[in-house]
Amino acid sequence: MATTTTISNLPTAMSTPKIPSSQRIANLGPVILGDKVASCYKLSSVCHVASAQPFQQGLIMTSGAIKYDKIVTKAIFRSSPTPDIPGLPIDLTGKRAFIAGVADENGYGWAIAKSLAAAGAQILVGTWVPALNIFESSLRRGKFDESRKLKDGSLMEIAKVYPLDAVYDSPVDVPEDVKTNKRYAGATNWTVQEVAESVKKDFDKIDILVHSLANGPEVSKPLSETSRKGYLAALSASSYSYISLLKHFLPIMNQEGSAISLTYIASERIIPGYGGGMSSAKAALESDTRVLAFEAGRKKRVRVNTISAGPLGSRAAKAIGFIDRMIDYSFTNAPLQKELHAEEVGNTAAFLASNLSSAITGSVIYVDNGLNAMGVGIDSPMFENLDIPKEHH
Ligand SMILES: NC(=O)c1ccc[n+]([C@@H]2O[C@H](COP(=O)([O-])OP(=O)(O)OC[C@H]3O[C@@H](n4cnc5c(N)ncnc54)[C@H](O)[C@@H]3O)[C@@H](O)[C@H]2O)c1
């Protein structure tokens with residue numbers, strides 16, 4: 001359910017509406033004002049609304065304050081409360097998770113860590129070496145404390161943060177220029193093999209392995225203009241890194257553990273703008289999920305699945321450059337017209353990590369408000385005169 005604010009709570013022209021603290025997130029996504037839709041994002045503690053366009057036309061990316069006209073009677077914030085999940089409990093008490101790809105509080109890795117922690121799992125994270133110092137100092141200084149809060153009021157604890165660069169399997173693979181790079185100075189034992197060894201030394205075993213990382217240096221280039229180097233770098237960081245992680249962590253995973261990665265619909269449908277070989281990398285990741293499910297299943301009954309997540313304004317996604325438009329597109333076109341919460345992906349990961357999903361392996365699980373199931377984009381001018389049901393208020 002979208003939340004609504006009546007006109008009395010709305011600002012006069014050119015000012016900004018207040019938003020409840022529960023909705024204070026960096027990007028609130030679009031907001032509907034009468035028959036208009038506008039971008040809405042957090043600016044300190046208020047919601048700043050970028051310019052509005054007629055709702056039927058879909059999206060809006062230009063900035064500037066909105067002028068409210070007389071027909072506006074209420075604002076409907078697309079951000080809906082995160083669903084409460086009563087009933088069947090997910091219990092990961094006594095389980096230990098290693099989550100690769102957490103460097104701030106905005107991405108899917110962080111949300112997965114929170115859901116696994118809320119279900120009782122112990123959390124270890126792997127943080128990309130160049131992002132390590134700022135992540136650790138922000139954690140120490142309490143910058144993430146608000147976002148560490150779990151539903152029961154406690155704070156998510158991260159038992160240990162490991163420096164990691166998943167592009168390198170072992171020390172012999174690290175080139176000289178990286179070894180001497182000042183962004184790597186001070187960190188040690190960060191190749192995949194060394195991290196697995198350190199985790200074994202510190203904690204012996206893990207039960208859950210999460211791969212929530214991707215990198216494509218040429219992501220903004222169309223595939224046909226991508227260099228061989230850029231393409232292979234995308235596959236190395238975003239696909240092979242998962243094979244490498246599983247290869248090195250499987251020996252220290254308990255029987256019947258669970259491995260989860262994050263993929264994106266660009267692997268199987270054309271998403272212009274998701275370039276540089278990133279679409280190919282996600283296709284490889286999904287194919288590898290099936291083969292790895294067989295191999296890890298036969299070896300240790302470990303299940304291997306991937307979550308195809310809808311668009312989220314994470315740090316990585318912002319680097320691609322069109323994430324706000326993808327969020328708007330999803331809202332307009334998906335069967336469920338609601339904001340996608342990172343927590344919904346986190347909760348699916350908790351389900352996949354638990355024995356409630358004991359017969360699910362080798363699967364691509366869509367957590368995208370159903371967008372993957374659409375055959376047409378309903379925001380096309382072709383459908384202008386069609387009676388398409390809009391969000392029910
Ligand atoms: N944001 C989206 O819209 C979206 C949609 C579908 C899938 N995903 C996937 O979700 C996963 C997490 O991404 P996110 O969008 O939450 O962004 P994010 O920025 O939170 O996560 C990406 C992480 O990868 C790390 N990383 C990059 N290169 C690395 C390397 N060589 N070694 C170790 N870590 C490295 C970064 O430091 C970062 O922490 C990715 O696989 C991404 O493709 C994202």
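Indexing begins at 1, ligand by ligand and atom by atom, following the structure's order. All values derive from a computational prediction rather than experimental measurement.
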For the residue pair Glu286 / Ser267, report whether a side-chain donor-acceptor contact shorter than 3.5 Å exists. yes
Looking only at distances, please establish whether an N/O atom of ligand 1 is found under 3.5 Å from an N/O atom of Gly109. no
Honestly, for Ala237 the part within reach of ligand 1 (heavy atoms, under 4.0 Å) is neither
Not counting sequence neighbours, which residues clear ring-ring contact (aromatic ring centres under 6.0 Å, His included) with Phe144? List them please. Trp110, Phe135
Give the C-alpha distance, both sets of side-chain angles, the deciding distance and a yes or no for side-chain contact (heavy atoms from CB on, under 4.5 Å) between Thr289 and Tyr242. CA-CA 9 Å; Thr289 295; Tyr242 191 37; 4.3 Å; yes
Would you check whether Ile307 reaches within less than 4.0 Å of ligand 1, judged by its heavy atoms? no
Heavy atom under 4.0 Å from ligand 1: found in His211's side chain, backbone, both, or neither? neither
Using a strict 4.0 Å cut-off to heavy atoms of Asp165, name the atoms of ligand 1 that fall inside it. 30 (C), 31 (N), 32 (N)
Quickly, which of His248, Glu197, Gln193, Glu194 forms a side chain to side chain contact (heavy atoms under 4.5 Å, CB included) with Ser170? Name it, please. Gln193
ring-ring contact (aromatic ring centres under 6.0 Å, His included) partners of Tyr108, counting only residues at least two apart: none
Close approach of Asn106 to ligand 1, heavy atoms, under 4.0 angstrom: no
Please confirm whether Tyr264 comes within less than 3.5 Å of ligand 1 when only nitrogen or oxygen atoms on both sides are compared. no
